[in-house]
2 protein chains.
Amino acid sequence: MKELKSSVHKTFAILEHFTNKKPEWGVTELAEEIGSNKSTVYRFLSDLDKLGIAYKHPVTEKYSLGLKLFELGCRVQLKSAFVDKTHPELIEVAKMISETVHIAILKNCQVFHVDKVESPQGLKLSTHVGSFAPAYSTSLGKVLLAFLPPKEQEKTLDVILKDTKPVAFTKHTITSGKTLKKELKEIKSKGYALDKEESELGLVCVGIPIFNQNNEVVASLSASGPATRFEEENVANYVAILKTGADAIQEKIGFFKP
Amino acid sequence: MKELKSSVHKTFAILEHFTNKKPEWGVTELAEEIGSNKSTVYRFLSDLDKLGIAYKHPVTEKYSLGLKLFELGCRVQLKSAFVDKTHPELIEVAKMISETVHIAILKNCQVFHVDKVESPQGLKLSTHVGSFAPAYSTSLGKVLLAFLPPKEQEKTLDVILKDTKPVAFTKHTITSGKTLKKELKEIKSKGYALDKEESELGLVCVGIPIFNQNNEVVASLSASGPATRFEEENVANYVAILKTGADAIQEKIGFFKP
DNA sequence: AACAGTGTTTTAATACATGAAACAGCAAAA
DNA sequence: TTTTGCTGTTTCATGTATTAAAACACTGTT
């Protein structure tokens with residue numbers, strides 16, 4: 001935190017430590033983690049607590065994220081204009097498909113997970129709402145790339161292939177520009193994408209585009225599961241279910257464009 | 001903003017202006033609204049944009065709340081421990097009841113709206129997720145008050161009745177301690193509460209408690225609509241539907257306690 | 001071309017952030 | 001019971017980030 005120059009940056013560097021994995025921090029504990037003076041950290045947390053952005057548990061005296069932050073999160077336009085409308089459909093799809101399902105948008109040339117519904121029978125994935133993933137190695141991302149207008153696709157692929165070198169997560173990951181472009185053409189013509197163990201061994205995802213009412217692709221919808229459950233014959237069935245979800249979503253989102 | 005003493009407070013005073021009603025602000029516009037110098041406001045917004053907490057639209061150059069804030073909002077424990085689990089049930093209840101439904105908790109002796117699902121046929125209400133409402137004049141609040149342990153109820157009522165004088169929103173609003181206590185006893189015995197035009201003329205709400213698996217009341221669930229649709233015979237039906245929702249929620253939330 | 005309006009940058013003055021040290025409180029160990 | 005250890009909280013002189021006025025850059029309109 002010493003290298004940060006503004007209080008705004010420091011404030012959010014503090015908040016960044018509160019995750020679903022570690023939702024609570026004591027002052028001294030957090031100060032050590034950050035490498036900052038504990039009275040400085042205390043002052044930030046104390047101010048944040050006064051604002052309801054953080055919450056100090058009366059008994060344990062540990063801090064967690066507060067209700068005001070939840071409320072502010074709900075004010076983000078993506079939430080009201082998109083997630084609130086699409087979430088019920090996502091729940092339906094998860095029920096029908098019995099796998100974990102996601103909706104994502106393309107943001108900074110990456111996949112941004114906008115929503116996720118797990119199925120009791122579905123695989124537990126490491127993704128969470130708000131997490132980013134590489135576009136080139138996920139079905140969510142490849143679909144979004146495939147349906148980009150040509151100029152925009154070129155620019156985005158430039159960023160992905162040149163500015164940020166693609167990492168091979170598994171032996172199946174597509175890292176060559178030539179192969180990826182060929183794959184995107186195929187996805188565009190078939191209307192869906194597969195991630196066949198490209199991002200994680202044993203994991204297969206099938207993703208399709210979500211159109212708005214202007215027939216622009218604005219997001220993608222996917223189902224993820226173990227390779228054993230994603231055989232060729234199942235995929236066509238999954239795509240059909242995803243499509244009913246995407247069609248229902250299209251009806252609801254109007255001209256939304258992220 | 002001049003009176004605020006810390007940058008943390010100033011940061012969130014800025015963010016507070018971004019609402020669902022006015023989601024976008026220009027620098028100069030916001031500076032005028034706040035009564036601050038525009039270069040000061042610009043620096044805050046610029047820092048927030050760099051962090052993804054705000055988002056500067058490239059074309060309009062107006063700022064709105066950013067995806068990072070949405071992600072941080074999802075990290076609040078109330079979201080993962082409660083809202084994500086209860087929301088599907090809330091959707092079901094809204095479908096069955098064809099009215100707008102809410103879930104709320106008691107926070108700072110007030111009702112905090114945790115979630116809301118509107119029905120196409122339902123009334124549009126001014127509440128939003130994250131908004132507070134008085135506990136004494138809403139069915140959501142009265143139920144929560146009624147099921148508080150006696151000592152805690154006494155303390156909470158002290159705050160409501162003495163520290164913060166109850167306002168009469170309509171001619172029906174209960175503002176007398178004696179009447180309210182009598183009402184709470186009745187609610188406790190009947191198991192549901194009615195707001196009969198107490199918070200808003202023409203509006204009736206019926207609310208019931210949500211129990212966790214320790215049989216503690218942790219939240220309340222309500223349906224709201226026009227007085228014409230909330231006749232005596234309908235109420236019993238609504239309560240029955242709400243109860244199926246509350247029972248399903250109880251199964252899902254474990255020992256959650258806000 | 002001039003003007004108006006917005007967002008962005010610069011820089012001397014000033015407000016407030018920082019961190020070391022002290023303090024307060026609680027629980028565990030001696 | 002006293003001592004020790006640990007955490008969160010407060011104090012205050014010093015350091016530095018913030019502030020706001022002014023200038024600048026850019027776009028659109030007259």
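Lettering of chains follows the sequences in order, A, B, ..., and the numbering in each one begins at 1.
Taking the six-membered ring where the residue is Trp, B:F18 and B:W25 present perpendicular rings, their angle passing 60° and hence far from 30°.
Atom pair A:D49:CG and D:dG8:P shows a separation of 13 Å (rounding to whole Å applied). The separation between A:I14 atom CD1 and C:dA17 atom P is 13 Å, rounded to whole Å. For the pair B:L48 CG and C:dT8 P, the interatomic distance rounds to 13 Å; values are reported in whole Å. One interatomic measurement links the two molecules: NE2 of A:H9 to C1' of D:dA17, which rounds to 13 Å at whole-angstrom precision. Atom NZ of B:K10 is separated from atom P of C:dA15 by 10 Å (rounded to the nearest Å). Taking atom CD of residue A:E24 and atom C1' of nucleotide D:dT7, one finds them 15 Å apart after rounding to whole Å. In this structure, OH of B:Y42 is placed 16 Å from C1' of D:dA22, rounded to the nearest angstrom. Summarising the geometry, the separation between CD1 on A:I34 and P on C:dA17 is reported as 16 Å, rounded to the nearest angstrom.
Along DNA chain C, the nucleotide closest to A:S7 and the one closest to B:V27 are compared, and the more 5′ of them pairs with B:V27. Summary of the strand contacts: B:R43 and A:T28 both lie near DNA chain D, and taking for each the nucleotide with the nearest heavy atom, the more 5' one is attributed to A:T28.
For D:dG8, its base sits under 3.5 Å from the side chain of A:K38 at one donor and acceptor pair at least. Evaluation of atom-type donor-acceptor distances gives no pair under 3.5 Å for the side chain of B:S6 against the base of C:dA17. Scanning atom types as modelled, one donor and one acceptor separated by under 3.5 angstrom connect the side chain of A:S39 and the base of C:dA20.
The nucleotide whose nearest atom lies closest to any side-chain atom of B:E61 is, among C:dG7, D:dT9, D:dT19, C:dG7.
Without hydrogens or angle criteria, B:K116 side chain to B:T127 main chain gives a donor-acceptor distance under 3.5 Å.
Of the charged side-chain nitrogens involved, at least one lies within less than 4.0 Å of a carboxylate oxygen, so that B:E71 and B:K68 count as a salt-bridged pair. Salt bridge status for A:E251 with A:K85: absent, with no side-chain N to carboxylate O gap under 4.0 Å. Salt bridge annotation for B:E33-B:K22: absent, with no cationic side-chain nitrogen under 4.0 angstrom from a carboxylate oxygen.
Between A:Y63 and D:dT7 there is no side-chain polar atom (N or O) within less than 4.0 angstrom of OP1 or OP2.
Across all strands, B:S46 comes closer than 4.0 Å to no nucleic acid atom at all (heavy-atom distances). In this structure, A:K62 reaches neither bases nor backbone, as no heavy-atom distance under 4.0 Å exists between it and the strands shown.
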